[in-house]
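Since the structure comes first, as structure tokens, the remarks are kept for the end.
Letters A, B, ... mirror the listed sequences (proteins, then strands); counts begin at 1.
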Amino acid sequence: MEQVGLAAAASEVSLWSLFMQAGLVVKLVMIGLIGASVWTWAIVIDKYISFGKAKRQFDQFEQVFWSGQSLEELYRTLSERTNTGLAAIFVAAMREWKKSFERGARSPIGLQMRIDRAMDVTMSREAETYEARLGSLATIGSAGPFIGLFGTVVGIMTSFQAIAGSKSTNLAVVAPGIAEALLATAIGLVAAIPAVIAYNKFTADAGKLSGRMEGFADEFSAILSRQIDEKLQPRQAAQ
Amino acid sequence: MKVSLGTSLVLHSLVLGLALVSLSAPASFEVADVEAVPVEIISDTQMMQGDKKAPPAEKPSVKPTTNKKVVDNAQNSGENDVDLKSPPTPTRKPVQNETAAAQKPVERPVPTPTEEQNQVKDVVKEETAPKPAEVAALPQPKPEITPPIPKPEPTPPVPTPAKPEPKPEAAKPTPAPVQAENTSDTGELPPQVATPVSKPTPPKPEPPKPEPPKEQAKPVEKPQPPKPDTKPAETATAMDSKATQSAPQTDKKDGKKQETAKASSSKSSDFNADQIASLLNKQDASGGGAKRSSTPVSTGSTKPSSGAKLSLSEMDALRGQIANNWNTIAGLDGLKGMVIRVRMKLDQSGAIVGDPEVSSSGGSDNVRSTMEASARRAVLRSSPFKNLPSEKYDSWSEVVVNFDPSDLGL
């Protein structure tokens, strides 16, 4: 551990000099916390953009879906591109339905089950992408202050050792070491507070999106089961 | 994700950069420089006056004074006759005599110098009212008495000296004899006072005298009283030709003096601004105290002490107390030339404060350490020390005692 330069500290108390005076451990803690803050904000920005986008896509898709357009036609246009959210669920369900009909489904119950499974898988996969990295936000939010506190404790320890060496209890000697140590806690809090807020907001948003997906999946499976009944009934009657 | 990570990095670097610039140096608190200053409370008895620039000495002393006059209970040293707290003013010297006292004698000499005039004054004062009565009386004797008495006297000198002189003498002496008689008659004057009616008469007979024109009714009387005294003098001087001339002059002078005396006495009752102004002391007071100092200038010693050291007997008593508690160790060699030095700090009660410092020199190493240990024991055992004069605590608060083992009977 480096000896804290207390003598020089008396004159300079700027942020940069505080950082440079800090010991190696405290420096590492500070750098790590700054990195965590950067990561937190990266996630915040990313999630903000992606959630906004997903919401818009959901609205757009629902508008198209309920516009009375032919589902076959909608499937043909959507299947040509990669889909997310509701569109992905719709495409997955339609694909399964088409496959079953082209080969000549025997049981309407089995077809219904297969379509539901396909929609569930797609839905969970989509929900996963929405909740991705929210866990790291939670980790930073809860662990950030502790990491900062650790840096502070170590910094104060070293500064007290240095004070013991200098044999002076003058406040001008004591203060800079403690200020520098407290900087670690400050950075920890700076990283943790936005992380906690963002985590709470984005988990709620992700929950809302997956709720919407579930609702759509249920509605769509109801529509499909009606279709299955309509298509299989004449076939059974003909037999 | 890459895009958002990049934007986050950019944002952070921006914020940190701003923080480095704006929060770089928080304004330090404006704290008045109140460094703790050690304060020692000094009692009156510990205060001494010395000269800051003088070399140090056992006892502090101010510059020796040259003024021999001793002022009782003077507190402030200086050359002044009056004990003043203000520092001496370098430009002014102490006042030796006061101007007010010097002026008075100048005025009074006029009436005082000769007894004759004093008498005159008295007469004048008493007779201010009866003046005319006297005047009336005077003219009468003149014609009768003057010729006979003055003539015989001046005549003898006349033949021998100079001729012109007798004439003035004859003219002036004439009044003198009259007055001579008058003086003898002064006791009789009061009866004459009773006759005031003769006022108008006096002026006429007087004109013949040389003095009357200058003097008014009052002066006439004055010349007469002095004359009796001067007359004998004149008669004596008349023998000398020179004196004869001086006689009339003295007469005139006397007359004038009397006039001035009169004027001053009449004015004395009035307010005289000049007189009061002359009484005022226009000299500025010089500062400085009146305490005398005879010892040479010194700034005193760095250690506050009353200057009293422990006397030899007191020192011996202290050494004896330690020696009594010294357990002698028999059979030690190598004590020759050994000196044990004990330095200790004592409190007011004589008890040792802290650890006594024991050092020794001479003798062999082993014996030295043994003796040091035994000296320490002896010193600690004999604490608190008794019979130390409390008024000299300054000198024994830290005391060094030297022992020679041979003195201790070792």
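- When the side chain to side chain donor-acceptor pair (under 3.5 Å) test is applied to B:Asn325, no partner is found at least two apart in sequence or on another chain.
- Among residues two or more places apart in sequence or in another chain, the side chain to side chain donor-acceptor pair (under 3.5 Å) test is passed with B:Arg368 by B:Asp365.
- The environment of CG in B:Leu14 is crowded: more than 12 heavy-atom neighbours from other residues, nucleotides or ligands sit within 6.0 Å.
- Between atom CH2 of residue A:Trp41 and atom CG of residue B:Leu9 there is a gap of 14.0 Å, rounded to the nearest 0.5 Å.
- The local environment of CZ in A:Arg117 is sparse, with at most 12 non-hydrogen atoms from other residues, nucleotides or ligands closer than 6.0 Å.
- Residue contact with chain B, scored on non-hydrogen atoms closer than 4.5 Å, is absent for A:Ile49.
- Closest heavy-atom contact between A:Ser37 and B:Ser8: O-OG, 4.3 Å.
- The two atoms that bring A:Trp39 and B:Leu5 nearest to each other are CE3-CD1, 3.5 Å, heavy atoms only.
- With a 6.0 Å radius and a threshold of 12 heavy atoms from other residues, nucleotides or ligands, A:Tyr48 has its OH atom at or below the threshold.
- In this structure, CD1 in A:Ile45 is found 6.5 Å from OG in B:Ser4, a value given to the nearest 0.5 Å.
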